[in-house]
Number of protein chains: 2
Amino acid sequence: MAGKVAERRAALRENLILIAERIIAQQGLGALRARDLASEAGCAVGAIYNVFGDLTDLVLTVNARTFHRLGADVAEALADAPQDPVEQLVIMAQAYHRFAAENHLAWRALFDVERAPGEAAPDWYLEEMGRLFTYIADPLAVIFPGRAPDEHALLTRALFSSVHGIVLLGLDQASSGVPTEDIDRMIALVLRQFTASAK
Amino acid sequence: MAGKVAERRAALRENLILIAERIIAQQGLGALRARDLASEAGCAVGAIYNVFGDLTDLVLTVNARTFHRLGADVAEALADAPQDPVEQLVIMAQAYHRFAAENHLAWRALFDVERAPGEAAPDWYLEEMGRLFTYIADPLAVIFPGRAPDEHALLTRALFSSVHGIVLLGLDQASSGVPTEDIDRMIALVLRQFTASAK
DNA sequence: CCCTCTATTGAACATAGTTCAGTGATACGG
DNA sequence: CCGTATCACTGAACTATGTTCAATAGAGGG
């Protein structure tokens, strides 16, 4: 029987990812424990290290999936959006907000995982980020037709970062009173005001 | 001899804060270790817990000082700024950026410390944040005289969050190529564009 | 069916934060 | 100035964590 080992390893890998995904989503990145994983997956702790280099590798794998779902949600929102480029920006940003709110702990894990210093971001991260940037850059090109390409790149990154900051601080202090609607209002306020005097 | 104990405790407290401040600034929050602290301070590990409830308390104390320095830097930048309210916003935001860049690890520690879930932010945090918000709200009131007060609050928070997001993502991926000047350009771009069509 | 090779195991190790019984210094009454 | 009750300080021990690796079990070829 060829590949029985590889088969079992692949199954374990998938299983570990699903378990880790659930723990992160329900209890956050900080609640992920090697022994819990092994116990739930019905394997030894050491087995985890046969499949992933370390727990960070596993988290990065979960993050890749989370980021992909995030990208898909934003793309779907864009597909349903009207033609107006400003509205497209607002709707995508609010889709970003909704995803972050509905998958708060998983979304936090995207940024809370500590990369070894000096290590570059993984490829999937840059790719997925690039896709998001494209979604933003296209409407921006319509809104600001006269600007140089490098300025477009800067604009894109700046707007993404702004929306990210609004969502991040808004959700962080949810306890100290930033209602969901206010976050959406801030997003719309910034994007509309920003694009109001386009030229 | 009255208060010899209290005196020593106060001295140890101050000493621990200074050591922790240096470790966080030079090596980051993750490099803070109880045993290293005790060793450097010349006391037993247990002594730390006579002065601080736990290491998080100590980190929060360091963070309070960091946040205070940040506020002072922004205030100083504002004091030296011209009368034009848009310029004031840009200069303050770039002062925020400069502080974050020059005190990167200490600044990260402000947000990376994990609060127990459901626990409110400490008072000093809310106070210092309130001060920063005031700095922003004043020029905004000049730029957007016609808006309702609650909309001013939202605008203030939105702009702060936007700048924070730009700085956060800009510094995070310093390795993947966001030069300092670009961060300043993004800040100026967002703030100028945002205020360009004020009404 | 046996033998080799390797995937898997889980006890052990390294490194954390935190605790607490034992120890010694402090402050005060005489 | 001395004795003693008190309490702060000590640091070994406890708990919890990620990670490793010698021992084991099982797969696959002959």
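Note: hydrogens, waters and symmetry copies are ignored here, and every other heavy atom, side chains too, is used. Every chain is numbered from 1 and lettered A, B, ... according to where its sequence line falls, protein lines coming before strand lines.
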Atom pair distance, as rounded to whole Å: CG in Leu37(B) and C1' in dG11(D):
16 Å
Using a heavy-atom cut-off of under 4.0 Å over every strand shown, decide if Leu32(A) touches base, sugar-phosphate, or nothing.
sugar-phosphate
Compare the minimum distances between each of dG18(D), dT9(C), dA16(C) and the side chain of Arg33(B), then state the nucleotide with the smallest one.
dA16(C)
Give the ring-plane orientation class for Phe160(B) versus His164(B), where under 30° counts as parallel, over 60° as perpendicular and anything between as tilted.
parallel
Nearest 0.5 Å please: distance from the CG atom of Leu191(A) over to the CE atom of Met186(A).
12.0 Å
Rounded interatomic separation in angstrom, taking CZ from Phe52(A) and P from dG18(D):
15 Å
Of all the nucleotides listed (dG17(C), dT8(C), dT9(C)), which has the minimum atom distance to the side chain of Arg8(A)?
dT8(C)
Rounded to whole Å, the OH-C1' distance (Tyr49(A) to dC13(C)) equals 13 Å
Is the side chain of Asn103(A) donor-acceptor paired with the backbone N or O of Phe99(A) at a distance under 3.5 Å, no angle test?
yes
Between dG10(C) atom P and Ile48(A) atom CD1, what is the distance in whole Å?
13 Å
Within this structure, what is the CD-to-C1' distance between Glu114(B) and dT17(D), rounded to whole angstrom?
13 Å
Identify which nucleotide among dA16(C), dA12(D), dT10(D) has an atom closest to any side-chain atom of Val45(B), counting heavy atoms from C-beta outward.
dA12(D)
Where Asn63(A) and Ala109(A) come nearest, the two heavy atoms and their spacing
ND2-O, 3.0 Å
Shortest side-chain distance from Arg35(B), nucleotide among dG10(C), dA12(D), dA13(D):
dA13(D)
Side chain of Arg9(A) only, heavy atoms from C-beta on: which candidate in dT8(C), dT19(D), dT18(C) is closest?
dT8(C)
Nearest 0.5 Å, please: how far is CG in Leu18(B) from CZ in Arg13(B)?
11.5 Å
Select one nucleotide: of dT18(C), dT9(C), dC9(D), the one nearest the side-chain heavy atoms of Leu55(B).
dT18(C)
Which nucleotide in dT9(C), dT18(C), dA27(D) has an atom nearest any side-chain atom of Asn50(A)
dT9(C)
Between dT19(D), dT18(C), dT9(C), which one does the side chain of Asp54(B) approach most closely?
dT18(C)
Protein-nucleotide distance (Leu29(A), atom CG; dG18(D), atom C1'), rounded to Å:
14 Å
